[in-house]
Participant: 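Before I ask anything, let me first share the structure, which is written out below as structure tokens.
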Amino acid sequence: MKPFEYARAGSPSDAVRRFRPGTMYLGGGTNLVDLMRLGVARPERLVDVSRLPLDAIEQVRDRLRIGAAVRNSDLAADPLVRGRYPMLARAVLAGASGQVRNMATVAGNLLQRTRCAYFQDVSRPCNKRRPGSGCPAIEGDHTNLAVLGASDACVATHPSDLAVALAALDAEVHVTGPGGDRIVPMPGLHRLPGDAPEQDTVLEPGDLITSVELPAPPPGASAYRKVRERASFAFALVSIAAVLDVRDDGIVGDCRIALGGVAHAPWRAERAEQALIGGPATGEAFLAAAEAELEQARPLPRNAYKIPLARNLIVNTLEELAS
């Protein structure tokens, strides 16, 4: 591991003041420390933000504000979260192990890097690590990688379960940085790879996430489902966060669908939502909406299985919510 300087920030503004080129913020460290050990991340200095007073969960009128330093285990167990946003609690519990959730923070979860094997292997080329070096996953092992929104430069997927649920809930990410304070919507925080896959998010150098704010819970029933290779501590092959509101006449009043495991960012299924809202809540309609969304998929030879997997997951989840 490369030697680095260490400093502990006393406040969000102090953390931003300490930032300069070569600096990274340290929260729970469950992803960053691993990447430093692998040689993928090589910061010159770490600014510890884990002890900042950003660990509260509070209701503000009809909204919920979640501090950036809230631990994932505390988020999943919080009565306000479990009562008002049960899908969010289930998404957090679907991610990692209990020990990791006890350390990982909300902001760190959102900002974790891809688990693509080529990104984590510094002996191999990777456009995310070294722009312009190539993406060997396209011709190599891409079995678990992206089928939506990928590019010739990168087919990696974003690993967060939490981010998928937040994308379905229209969360807002509060950020402070050298340019001042601002709010970044979700979806919108994470980028698709395009020709700059090294940029995971729209955050600027020195930006620090301070909180995540959720609007009032949408009407209807919600669910988070995750398909993975083993029952525990595995990243999603495909996951879904869905909210479905069916009126008394059987018509869909509102629908929110976000997918994980299929793209470089949490994938909001806007085509499927538009196809469903105002129409009947039937299995046939759910299937047609799923197929409309997945028409834009561009799988590689060994991950085409994700298309029927995602289609079936969308349909089965919506049928369960409609019932």
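What you see below is based on every heavy atom in this structure, not just the backbone, and it leaves out hydrogens, waters and symmetry mates.
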Participant: Side chain of Tyr25, backbone of Phe19: donor and acceptor closer than 3.5 Å?
Facilitator: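 Such a contact is absent between Tyr25 side chain and Phe19 backbone.
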
Participant: Going by the rule side chain to side chain contact (heavy atoms under 4.5 Å, CB included), which residues pair with Pro159 if we only count those two or more places apart in sequence or in a different chain?
Facilitator: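 If we apply the side chain to side chain contact (heavy atoms under 4.5 Å, CB included) test to Pro159, skipping adjacent residues, the hits are Gln112, Arg115, Phe235.
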
Participant: Do the charged groups of Arg247 and Asp245 touch, with an N to O distance under 4.0 Å?
Facilitator: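 The answer is no: the pair does not qualify as a salt bridge.
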
Participant: May I ask you to say whether Asp14 pairs ionically with Arg17, meaning some side-chain N is under 4.0 Å from a carboxylate O?
Facilitator: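 Judged by the 4.0 Å cut-off on N to carboxylate O distance, Asp14 and Arg17 do form a salt bridge.
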
Participant: Please determine whether a side-chain nitrogen of the Lys or Arg among Arg20 and Glu44 lies less than 4.0 Å from a carboxylate oxygen of the Asp or Glu.
Facilitator: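 Looking at Glu44 together with Arg20, the answer is no, because their closest N to O distance does not fall below 4.0 Å.
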
Participant: Would you call Glu295-Arg311 a salt bridge at under 4.0 Å N-O?
Facilitator: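 Not counted as a salt bridge, because no side-chain N and carboxylate O are separated by less than 4.0 Å.
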
Participant: Considering residues at least two apart in sequence or located in another chain, which fulfil the side chain to side chain donor-acceptor pair (under 3.5 Å) criterion with Arg90?
Facilitator: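 So Arg90 forms no side chain to side chain donor-acceptor pair (under 3.5 Å) with any residue.
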
Participant: Would you kindly say whether Thr143 and Asn303 are connected by a side-chain donor-acceptor distance under 3.5 Å?
Facilitator: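 No, Asn303 and Thr143 have no side-chain donor paired with an acceptor closer than 3.5 Å.
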
Participant: Would you call Glu198 and Lys128 a salt bridge, using N to O less than 4.0 angstrom?
Facilitator: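 Judged by the 4.0 Å cut-off on N to carboxylate O distance, Glu198 and Lys128 do not form a salt bridge.
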
Participant: Does His264 have its ring centroid less than 6.0 Å away from the ring centroid of His158?
Facilitator: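 Ring centres of His158 and His264 not closer than 6.0 Å.
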
Participant: Going through the distances and angles, do Arg63 and Glu213 end up as a salt bridge (Lys or Arg N to Asp or Glu O under 4.0 Å)?
Facilitator: CA-CA 7 Å; Arg63 302 172 70 86; Glu213 194 162 301; 2.5 Å; yes

Participant: Nearest 0.5 Å please: distance from the OG1 atom of Thr30 over to the CG atom of Asn72.
Facilitator: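 With rounding to 0.5 Å, OG1 (Thr30) is 7.5 Å from CG (Asn72).
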
